[in-house]
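Input: a single structure, listed below in structure tokens.
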Protein chains: 2
Amino acid sequence: MDETPTGAPGAETAANAPQKGTVTHRAIEQIKAMIAGGRLEPGQRLPTERDLAARLGISRSSMREAIRALTVLGVLEARHGSGIYVTQLEAGDLLETFGVVADLSRGPRLVELLEIRRVLESTATALAAARITDDQLSEVEKHLTAMNATDDPEEILAHDLAFHREIAAAAGNETMAAILEGLSSRTFRARVWRGYQEEGAFARTRREHAAIHRALAARDPEAARASAAAHVGEVEEWLRTQLRAVP
Amino acid sequence: MDETPTGAPGAETAANAPQKGTVTHRAIEQIKAMIAGGRLEPGQRLPTERDLAARLGISRSSMREAIRALTVLGVLEARHGSGIYVTQLEAGDLLETFGVVADLSRGPRLVELLEIRRVLESTATALAAARITDDQLSEVEKHLTAMNATDDPEEILAHDLAFHREIAAAAGNETMAAILEGLSSRTFRARVWRGYQEEGAFARTRREHAAIHRALAARDPEAARASAAAHVGEVEEWLRTQLRAVP
DNA sequence: TCGGTCGTAGTGGTCGGACCACATCGGTGG
DNA sequence: CCACCGATGTGGTCCGACCACTACGACCGA
């Protein structure tokens with residue numbers, strides 16, 4: 001796959017790629033390649049930092065930077081005193097960084113993100129309407145009633161998040177659920193939500209949630225898609241006018 | 001705002017976390033917070049590694065790991081000999097890592113990713129049908145004809161990618177375009193595409209591309225959405241049967 | 001004066017070593 | 001048999017040195 005058996009008695013394995021970018025970048029690519037190539041399975045333990053560094057012929061410092069980067073990306077997981085492991089490479093592991101995108105985006109980007117969320121959320125809700133089990137539905141209802149039973153913004157937000165999370169989970173596409181999770185991350189949600197709810201949108205939000213739940217209970221994908229799209233669309237439109245007013 | 005007059009373990013220093021996780025993790029959060037809080041603008045130059053390390057009271061090594069991680073995430077950009085800068089925080093900068101997700105996903109995850117691509121691609125194509133300019137349309141046509149004029153798989157793939165890239169760009173949602181870009185990254189596309197095209201799907205692909213182009217030229221969003229969904233759906237369905245056959 | 005050249009200071013990139021904090025496992029003694 | 005404890009190995013942190021590159025200004029020749 002990547003060997004270059006050209007002479008070179010000294011170096012054997014992995015000693016290819018002349019000198020692209022930084023050595024750390026090279027190390028990152030090597031490890032990613034090992035995983036993509038199946039030489040490292042999810043959950044498997046890697047050699048020690050010192051070993052890895054020696055194998056690629058770089059210092060431990062540089063190797064640590066590479067490992068740290070992959071850790072932040074959700075590809076690796078370092079356990080102090082134990083070792084370095086490949087994550088399960090589940091959607092949740094890898095897409096956690098999606099929240100960073102949402103948190104650092106501003107202005108027009110926020111609207112774009114909401115547009116994407118509208119598309120995905122409506123699709124997920126439609127799928128959920130067709131697949132949701134009774135247990136999952138009752139879980140959704142739990143958060144719905146809890147959300148309507150309090151007026152503590154923090155609590156409302158928490159149940160709101162859980163409400164949509166349950167629906168996304170019921171859609172059966174973990175990757176989609178993970179992305180939606182990122183698009184609803186605490187900070188992102190808080191930034192937009194705060195202003196939105198301050199304008200007395202509680203009642204409207206409540207109606208929209210009720211409509212979504214009704215569609216789910218009726219197992220009506222079309223109604224579910226429409227109500228979810230409208231729900232996100234309301235926030236989206238509000239944000240759009242906000243940006244127009246205060247550019 | 002947040003001076004740290006050396007030492008003083010008593011802890012004051014506006015806005016600082018006690019001692020969660022690793023110091024590197026703390027540094028990452030601090031820098032992210034600085035950007036999210038507007039204290040660091042896109043394109044702005046950061047203090048030197050040595051300075052930053054001193055300010056947060058950590059070693060340069062740890063600070064370097066933090067910077068490296070943020071660099072890989074597309075938040076920062078290090079220029080050898082010059083300094084460290086905040087990226088423009090455009091969709092492309094931050095979502096580059098999305099390609100990693102696509103490259104490392106396997107099995108059922110691949111289908112999920114294609115499902116997401118189908119949803120987003122069809123939406124983007126529909127939007128493009130309503131907004132595309134004549135110039136952009138001719139650009140799309142260029143890649144379409146070039147794609148049909150050769151039988152070199154590599155070249156076909158390149159023009160295929162460009163074809164969809166142009167359409168995504170015409171949709172006017174940079175973030176969506178960036179995500180789709182990641183979902184069509186070279187390696188991801190190559191892994192799925194290769195097998196798909198080996199089964200003589202060229203003709204079918206050609207027809208589907210023609211249909212998409214026709215819808216765009218007619219400025220017909222509905223037709224565009226349908227043809228794009230069908231296009232991705234074909235690949236998706238093929239992959240689904242593949243996984244069923246060889247689990 | 002103008003233009004290019006060359007030093008030099010400052011920056012990120014790399015390295016090696018040292019020590020600390022924690023997890024794990026085996027042996028020990030009850 | 002179990003609880004304890006120490007040894008060992010691992011990642012986490014720090015330090016100091018040096019290299020490679022960039023930026024900028026002083027210098028020199030035309």
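Order of the sequence lines sets the chain letters (A, B, ...), proteins ahead of strands, with each chain counted from 1. Values below: every heavy atom of this structure, side chains too, minus hydrogens, waters and symmetry copies.
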Phosphate OP1/OP2 of C:dG10: any B:Ser82 side-chain N/O under 4.0 Å: no
Classify B:Ile58 by what it touches in the nucleic acid, base, sugar-phosphate, or nothing, heavy-atom distance under 4.0 Å. sugar-phosphate
Exercise. Could you verify whether a donor N or O on one side chain and an acceptor N or O on the other, from A:His164 and A:Glu121, lie under 3.5 Å apart?
Key: yes
> Does any donor-acceptor pair link the side chain of A:Arg50 with the base of C:dG16 at a separation under 3.5 Å?
Replying inline: no
Ignoring backbone atoms, test whether A:Arg45 places a side-chain nitrogen or oxygen under 4.0 Å from the OP1 or OP2 oxygen of C:dT24.
-> no
Here the distance between atom P of C:dC15 and atom CG of A:Leu56, to the nearest Å, is 11 Å
Practice task
Starting from the C-alpha separation in whole Å, work towards a yes-or-no answer on side-chain contact (heavy atoms from CB on, under 4.5 Å) for A:Phe188 and A:Leu110.
Solution key: CA-CA 9 Å; A:Phe188 174 76; A:Leu110 278 181; 3.1 Å; yes
Worksheet item: Would you say B:Met176 and B:Ile179 make side-chain contact, with heavy atoms under 4.5 Å?
Response: no
Students should find that the nucleotides of DNA chain D closing off the region near chain B, any atom under 4.0 angstrom from a heavy atom, are D:dG12 to D:dT22
By nearest-nucleotide position on DNA chain C, the 5'-leaning member of A:Arg79 and B:Glu49 is B:Glu49
From CZ of B:Arg64 across to P of C:dT11 the rounded distance in Å is 14 Å
_Need one value for B:Ile84: base, sugar-phosphate or nothing, where a base atom within 4.0 Å counts as base even if backbone is also close, heavy atoms only._
sugar-phosphate
Whole-Å distance, B:Leu52 CG to C:dT11 P, equals 11 Å
For the pair B:Glu65 and B:Arg68, find out whether any cationic side-chain nitrogen is under 4.0 Å from an anionic carboxylate oxygen.
no
Note to self: Keeping A:Glu49 on the side-chain end and A:Met63 on the backbone end, is there a donor-acceptor pair under 3.5 Å?
What the structure shows: no
Sidechain N-carboxylate O distance under 4.0 Å for B:Glu29, B:Arg26
no
The residue, A:His25 or A:Gly81, whose nearest nucleotide of DNA chain C is more 5′ is A:His25
- A:Val100 side chain reached by B:Leu94 side chain, heavy atoms, under 4.5 Å: no
Exercise for review: Would you state whether a donor and an acceptor, one from the side chain of A:His80 and one from the base of C:dA23, lie under 3.5 Å apart?
Suggested key: no
When rounded to whole Å, the CG to C1' distance for the pair B:Asp51 and C:dG12 reads 13 Å
Walking DNA chain D from its 5' end, the first of A:Gly83 and A:Ser61 to be reached, judged by nearest nucleotide, is A:Gly83
